Amino acid sequence: MYNTLTRRKEPFVPVHPGRVGMYVCGPTVYKPSHVGHMVGPVIFDTVKRFLAWVGFEVKFVVNITDIDDKLIIEATKQNCTVPEIAERVTTDYLACLKALGVHSIDLFPKATDHIPEIRAMIESLIGKGHAYPSCGDVYFDVSSDADYGKLCNRDPEQMEAGIRVEVSERKKNPGDFALWKGAKPGEPSWPSPWGAGRPGWHIECSAMSFKWLGAPIDIHGGGLDLQFPHHENELAQSECHLGHPFTKYWMHNGLMKTGDKKMSKSEGNEVVVSALLKRFQSEAIRYLLLSSHYRSPIEFSEARLLEIGRTLEGFQRFFELFKRVTKASFHELKTMGHRDPDRFNPSSLEDGFSRDMVSLAAGLVECLADDFNTGGAIGSLHEMLTRLNRFVAESRVEETADSGNITQLIEGATLFRECALLLGLFEESVQKDPGEKTELVDALMTLLIELRAQSRQAKNFAMADHIRKGLTSLDIVLEDRPGGTIWRQS
RNA sequence: GGGCCCUUCGCCAAGUGGUAAGGCAACGGUUUGCAAAACCGUUAUUCCCCGGUUCGAAUCCGGGAGGGCCCUCCA
């Protein structure tokens, strides 16, 4: 995997054999999640799926930052309390994750539940000479850390030249950052040796990651925009506190763009997930996020989502075909759920369908093993789909219902499902716009299909085509399959 | 001023020294009464440009052009 700290790909060797601790920076919960917030969770969910499948025991933690200046401002604006905002936005965030198939996060610790740990860490940093109280605040002293800037490869002096915010009088060096912020009247606060206040922005992640994952942890992830200052500062304060490394592998995902600009709450160009989910299937959103490499920027557009919708229909049709032929539901196929080297070894098989499927699956695994190349893996998924469809066509299993072929088809589809689940795709069957399809519609369709079948039998193709064209104008497509005519809404 | 990164078919996109995956779109073919779906085939002798290294480069090095992100709000 690519490690931001070393700026190159490295073999993944966890700190403790067999176990992996992964911490990903979650949201500051002051505004509903936009699609950009989903990139990291979906990527790291996939990372965990893969690592777990390979055999590691993975603990995956995503924090919720529920106290911050932004929350205080938002609460004032909405005339409610900070916890109310935090609660509401957190609920939205969790619902979005669930919709996108992000199920692998083990814990969502909240900053406000870790004030004692945060205070203790600040005390330790002051004790070691890395931090100093100043007018009710406490700052981290950047000049006390010789390594400062190592994550982002930056020289503190050079950074001053590009500084674009006012430097507070309370700081010793312009690069110093707040560990603790004294409260102004009316602001939410907690007692501390430096006066009532709240934690600064970066300290909560350090404190929570130590508490829930220990140190050093294996993987620390987040968006590219967190690299500086958030992660640089986390790294500095953590290593000064610990006296040893904080994180072995740093992973950063690319940012989402709209119209060539970064999507962000402050740009005001964000596409809110909950609204998007009303108009597009969640699967298409997940597919979009996984279709390019996680370190690249992703351009968001509805046109692209629509295109992916067409792509997904091809998979959907296969699942329906699979059910018609095997009488089994693709979404209920039992997979192994872990790596079995024998099953991913094509050389042990004779030429043919099974061998092709295994070799495509092995290719997919190789993609994921190479810095989580989900785009390449999706390519393999498409090739597997084509191979499955080709098998159905060549074996004529739809007409013959040959039991040997059915067994092979089920095996192939099971392998495909195992691969798709590594990406979190096709987990559940997609119900297409329910409500339209009622018993009455079903009965009427059966009648029309029967009438058309009779017309065709009588060679009255004009009538048969009239029926089909009429249905087409109602967005209903008929397909004459070997086992009879089927219909679907387009 | 400094740091990081990107540029591959009409669009999206994989590929990190061994001779260009995949998707969408388009066009042929098989199939079909005709369709639909599916399958097969075609669509980049070429990877922003110019040099260099190498038996061999989209991949490495140097230079140039264009674009993005970051330098204390951000996933």
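Just so it is clear: chains get the letters A, B, ... in the order the sequence lines come, proteins before strands, and each one is counted from 1. Just so it is clear, the structure is predicted and the values come from calculations on it, not from any experiment.
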Legend entry - base_contact_polar (B/G15 base, A/N373 side chain, donor-acceptor, <3.5 Å): no
Inset, instruction - For A/G375, answer base if it contacts any base atom (sugar-phosphate contacts may also be present), sugar-phosphate if it contacts only those atoms, and nothing otherwise; contact means non-hydrogen atoms under 4.0 Å. - result: base
Inset, instruction - Compare side-chain N and O positions of A/K171 against OP1 and OP2 of B/U72 and report whether any pair is under 4.0 Å apart. - result: no
Inset, instruction - Among the candidates B/A37, B/A75, B/U16, find the nucleotide nearest to the side-chain atoms of A/K9. - result: B/U16
Inset, instruction - Would you mind classifying the nucleic acid contact of A/E307 as base, sugar-phosphate or nothing, using non-hydrogen atoms under 4.0 angstrom? - result: base
Inset, instruction - Verify the distance criterion only: is there a donor paired with an acceptor across the side chains of A/T46 and A/R286 at less than 3.5 Å? - result: yes
Inset, instruction - Check every atom of B/A14, B/A36, B/A21 against the side chain of A/E479 and return the nucleotide holding the closest atom. - result: B/A36
Inset, instruction - Quick one: label A/G379 by what it contacts on the DNA or RNA (base, sugar-phosphate, nothing), any heavy atom closer than 4.0 Å. - result: base
Legend entry - Qualifying residue, where the test is ring pair (Phe, Tyr, Trp, His ring centres under 6.0 Å) with A/F391 and the options are A/F322, A/F416, A/F318, A/F353: A/F353
Inset, instruction - Would you name the heavy atoms of A/D176 and A/K171 that are closest together and state the gap between them? - result: O-NZ, 2.9 Å
Inset, instruction - Return yes if the base of B/C34 and the side-chain atoms of A/D480 contain a donor-acceptor N/O pair under 3.5 Å, otherwise no. - result: yes
Inset, instruction - Report yes if the side chains of A/Y148 and A/N233 come closer than 4.5 Å at any heavy-atom pair, otherwise no. - result: yes
Legend entry - Shortest side-chain distance from A/R295, nucleotide among B/A13, B/U16, B/G2: B/U16
Inset, instruction - Quick one: label A/D225 by what it contacts on the DNA or RNA (base, sugar-phosphate, nothing), any heavy atom closer than 4.0 Å. - result: base
Inset, instruction - Would you please indicate yes or no on a ring centroid separation below 6.0 angstrom for A/F372 and A/H293? - result: no
Inset, instruction - Describe the nucleic acid contact of A/G26 in one word from base, sugar-phosphate, nothing, applying a heavy-atom distance below 4.0 Å. - result: sugar-phosphate
Legend entry - Pairing partner of B/U19 (Watson-Crick or G-U wobble, both distances under 3.5 Å): none
Inset, instruction - Using the closest heavy atom to pick a nucleotide of RNA chain B for each, name whichever of A/L385 or A/R304 lands nearer the 5' end. - result: A/R304
Legend entry - A/F246/A/H220 aromatic ring centres below 6.0 Å: yes
Inset, instruction - Look at the side chain of A/R7 and the base of B/C4, then say whether one donor and one acceptor between them are separated by less than 3.5 Å. - result: no
Legend entry - Aromatic ring proximity A/F426/A/F330, centre distance under 6.0 Å: no
Legend entry - Touch class at under 4.0 angstrom, heavy-atom based, for A/T386 against every strand present: sugar-phosphate
Inset, instruction - For B/A36, give its Watson-Crick or G-U wobble partner with both distances under 3.5 Å, or none. - result: none
Legend entry - Nearest-neighbour nucleotide for the A/H293 side chain, B/G15, B/G23, B/A35 considered: B/G15
Inset, instruction - Please determine if a side-chain N or O atom of A/N153 lies less than 4.0 Å away from the OP1 or OP2 oxygen of B/C4. - result: yes
Inset, instruction - Check every strand shown and say whether A/L224 touches a base, only sugar-phosphate, or nothing at a heavy-atom separation below 4.0 Å. - result: nothing
Inset, instruction - Answer with base, sugar-phosphate or nothing: what part of the nucleic acid does A/R452 contact at a heavy-atom distance below 4.0 Å? - result: base
Legend entry - Residue closer to the 5' end of RNA chain B, A/S380 versus A/G254 (nearest nucleotide): A/S380
Inset, instruction - Would you indicate, yes or no, if B/A75 has its OP1 or OP2 atom less than 4.0 angstrom from a side-chain nitrogen or oxygen of A/H37? - result: yes
Inset, instruction - Name the closest nucleotide to the A/N389 side chain, picking from B/C69, B/A35, B/A38. - result: B/A38
Legend entry - Short side-chain N/O contact from A/W201 to OP1 or OP2 of B/C74, under 4.0 Å: yes
Inset, instruction - Report yes or no: is there a donor-acceptor pair, N or O only, under 3.5 Å between the side chain of A/R390 and the base of B/C40? - result: no
Inset, instruction - Ignoring hydrogens and angles, answer whether the base of B/G23 and the side-chain atoms of A/R310 contain a donor-acceptor pair closer than 3.5 Å. - result: no
Inset, instruction - Please state how far atom CG in A/L471 lies from atom P in B/A36, giving the value in whole angstrom units. - result: 16 Å
Inset, instruction - Pick base, sugar-phosphate or nothing for A/M38, based on heavy-atom distances below 4.0 Å to the nucleic acid. - result: nothing
Inset, instruction - Mark yes or no for a side-chain to base donor-acceptor pair under 3.5 Å between A/R317 and B/A37, with no hydrogen or angle criteria applied. - result: no
